[in-house]
> 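I have a structure I would like to understand better, so I am pasting it below and will then ask my questions one at a time.
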Amino acid sequence: MKIILDAGHGPNTAGKRTPDGKMKEYEFNSTVTRLIKKELDRFGIIVIFSHSDEKDVPLRERTALANKLKVQAFISIHANAYGSNWNDASGIETFTYTKPSADSVILAKHIQESICTSAERKNRGVKKKDLAVLRDTNMPAVLVECGFMTNQEEARLLQTDDYRLKCASGIATGIKLWVKKFQLEEV
């Protein structure tokens with residue numbers, strides 16, 4: 001089983017940060033992908049990153065890599081934002097494409113339930129959206145928003161090692177549940 005973990009955006013993406021500038025979104029995303037990889041490695045899942053710590057990787061390159069390698073799933077990790085100022089928007093949500101495969105929906109549900117339990121945050125549900133990483137991939141694909149950088153409480157959490165580990169653990173658990181189902185169907 002091979003999957004792509006995608007730390008959404010990149011280290012130089014403008015504007016993707018907390019309103020006070022204390023955290024770039026990529027700092028959270030890349031840390032969580034490394035933590036997920038560590039857990040999935042122990043489970044025997046091959047994890048490939050589509051991002052780079054040195055430069056912003058265009059979305060078309062990320063999806064092209066996933067399609068070329070014929071991975072079984074593409075999971076993009078993000079921290080959400082509502083506008084650019086502090087506000088009350090909060091919680092975790094997971095997205096599939098507007099016309100998702102059944103496997104994408106199952107993967108999204110497993111991840112959403114697991115991360116909300118692990119991170120102890122509001123469950124905003126599984127939603128559909130026309131996003132390039134979901135639309136242009138040929139395999140089950142989801143995008144996980146792990147909390148709002150524009151909510152002061154969640155911005156504080158997003159910067160802590162404990163919360164990052166809880167998010168990674170929840171996402172990894174959701175992936176493992178999906179993989180088990182996927183493997184059972186192939187037998």
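Just so it is clear, the model here is predicted, and its values are computed rather than measured.
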> Within the supplied structure, the quantity of interest is the number of heavy atoms (other residues, nucleotides, ligands) at a distance under 6.0 Å from Asp130 CG; does it exceed 12?
yes

> Looking at Cys116 and Lys122, what are the two nearest heavy atoms and their distance?
SG-O, 4.1 Å

> Of the options Val144, Ile175, Thr173, Ile75, which is the one that meets Ile36 in a side-chain contact (heavy atoms from CB on, under 4.5 Å)?
Ile175

> Spell out, as yes or no, whether a donor-acceptor pair under 3.5 Å connects the side chain of Asp53 to the backbone of Ser30.
no

> Do Val179 and Leu35 belong to the same hydrophobic cluster, where Ile, Leu, Val, Met, Phe, Trp and Tyr are linked whenever their side-chain heavy atoms lie under 4.5 Å apart, directly or via other members?
no

> When you measure from the side chain of Gln72 to the backbone N and O of Lys2, does any donor-acceptor pair fall under 3.5 Å?
yes

> Rounded to the nearest 0.5 Å, what separates atom CD in Glu93 from atom CG in Leu143?
9.5 Å

> Spell out, as yes or no, whether a donor-acceptor pair under 3.5 Å connects the side chain of Gln159 to the backbone of Ala155.
yes

> Could you tell me the separation between the CZ atom of Phe95 and the CG atom of Leu131, rounded to the nearest 0.5 Å?
7.0 Å

> Are Asn151 and Tyr82 side-chain neighbours, meaning at least one heavy-atom pair lies under 4.5 Å?
no

> Say whether, by atom type as modelled, one donor and one acceptor occur between the side chain of Arg124 and the main chain of Ser90 under 3.5 angstrom.
yes

> Is it true that a side-chain atom of Lys24 and a backbone atom of Pro11 form a donor plus acceptor pair closer than 3.5 Å?
yes

> Taking Glu154 for the side chain and Phe148 for the main chain, is one N or O donor matched with an acceptor at less than 3.5 Å?
yes

> Are Asp6 and Phe49 close enough that some pair of their side-chain heavy atoms sits under 4.5 Å apart?
no

> Which heavy atom of Gly170 sits nearest a heavy atom of Ser114, and at what distance?
O-CB, 3.0 Å

> For the atom pair NZ (Lys128) and OG1 (Thr94), what is the distance rounded to the nearest 0.5 Å?
14.5 Å

> Are any of the side-chain nitrogens in Glu153 or Arg121 under 4.0 Å away from the carboxylate oxygens of its partner?
yes

> Which pair of non-hydrogen atoms, one from His78 and one from Phe28, has the smallest distance, and what is that distance?
O-CE2, 3.9 Å

> How close do Met149 and Ala79 get, counting heavy atoms only, and between which atoms?
CG-CB, 3.7 Å

> Going hydrophobic residue to hydrophobic residue with side-chain gaps under 4.5 angstrom, can you get from Ile3 over to Ile115?
yes

> Do the side chains of Ile4 and Leu65 get nearer than 4.5 Å, heavy atoms only?
yes

> Heavy atoms only: give me the nearest Leu107-Ala73 pair and the separation to one decimal.
CD2-CB, 4.1 Å

> Would you say Thr13 and Glu25 make side-chain contact, with heavy atoms under 4.5 Å?
no

> Going from CD on Gln112 to CD on Glu145, what distance comes out if it is rounded to the nearest 0.5 angstrom?
10.5 Å

> Looking only at atom types and distance, does a side-chain atom of Asn138 sit under 3.5 Å from a main-chain N or O of Asn67, one as donor and one as acceptor?
no

> Would you say the side-chain atoms of Arg62 pair up with the backbone N or O of Val133, donor to acceptor, closer than 3.5 Å?
no

> Can Ile171 be reached from Met1 by stepping across I, L, V, M, F, W or Y side chains whose heavy atoms are under 4.5 Å apart?
yes

> Above 12 or not: heavy atoms from other molecules or residues under 6.0 Å from NZ of Lys166?
yes

> Is atom CZ of Arg60 surrounded by more than 12 heavy atoms (other residues, nucleotides or ligands) closer than 6.0 Å?
no

> Does a side-chain heavy-atom distance below 4.5 Å link Val126 with Val105?
no

> Distance from Phe74 atom CZ to Met139 atom CE, nearest 0.5 Å?
8.5 Å

> When rounded to the nearest 0.5 angstrom, what is the spacing between CG in Leu158 and CE in Met23?
5.0 Å

> Please determine whether the number of non-hydrogen atoms from other residues, nucleotides or ligands lying under 6.0 Å from atom NZ of Lys109 exceeds 12.
no

> Same hydrophobic cluster for Val47 and Trp178, using side-chain heavy-atom links shorter than 4.5 Å among ILVMFWY?
yes

> Are Ile46 and Phe43 grouped together when hydrophobic residues (ILVMFWY) are joined by side-chain heavy atoms under 4.5 angstrom apart?
no

> Check this for me: Lys38, atom NZ, are more than 12 non-hydrogen atoms of other residues, nucleotides or ligands nearer than 6.0 Å?
no

> Tell me the closest heavy-atom pair linking Val57 and Ser50, and the distance in Å.
CG1-O, 3.7 Å

> Would you say Arg156 and Tyr163 make side-chain contact, with heavy atoms under 4.5 Å?
no

> Within a strict 4.5 Å, meaning less than it, do heavy atoms of the Leu59 and Thr63 side chains meet?
no

> Is the backbone of Ala141 close enough, under 3.5 Å, to the side chain of Ser104 for a donor and an acceptor to pair up by distance?
yes

> Would you check if there is a donor-acceptor pair between the side chains of Tyr26 and Asn12 at a distance under 3.5 Å?
no

> Run the side chain to side chain donor-acceptor pair (under 3.5 Å) test on Thr18 and Asp20 for me, step by step, so that the C-alpha distance in whole Å, both residues' side-chain angles and the decisive distance to 0.1 Å come before the verdict.
CA-CA 5 Å; Thr18 56; Asp20 60 9; 2.6 Å; yes

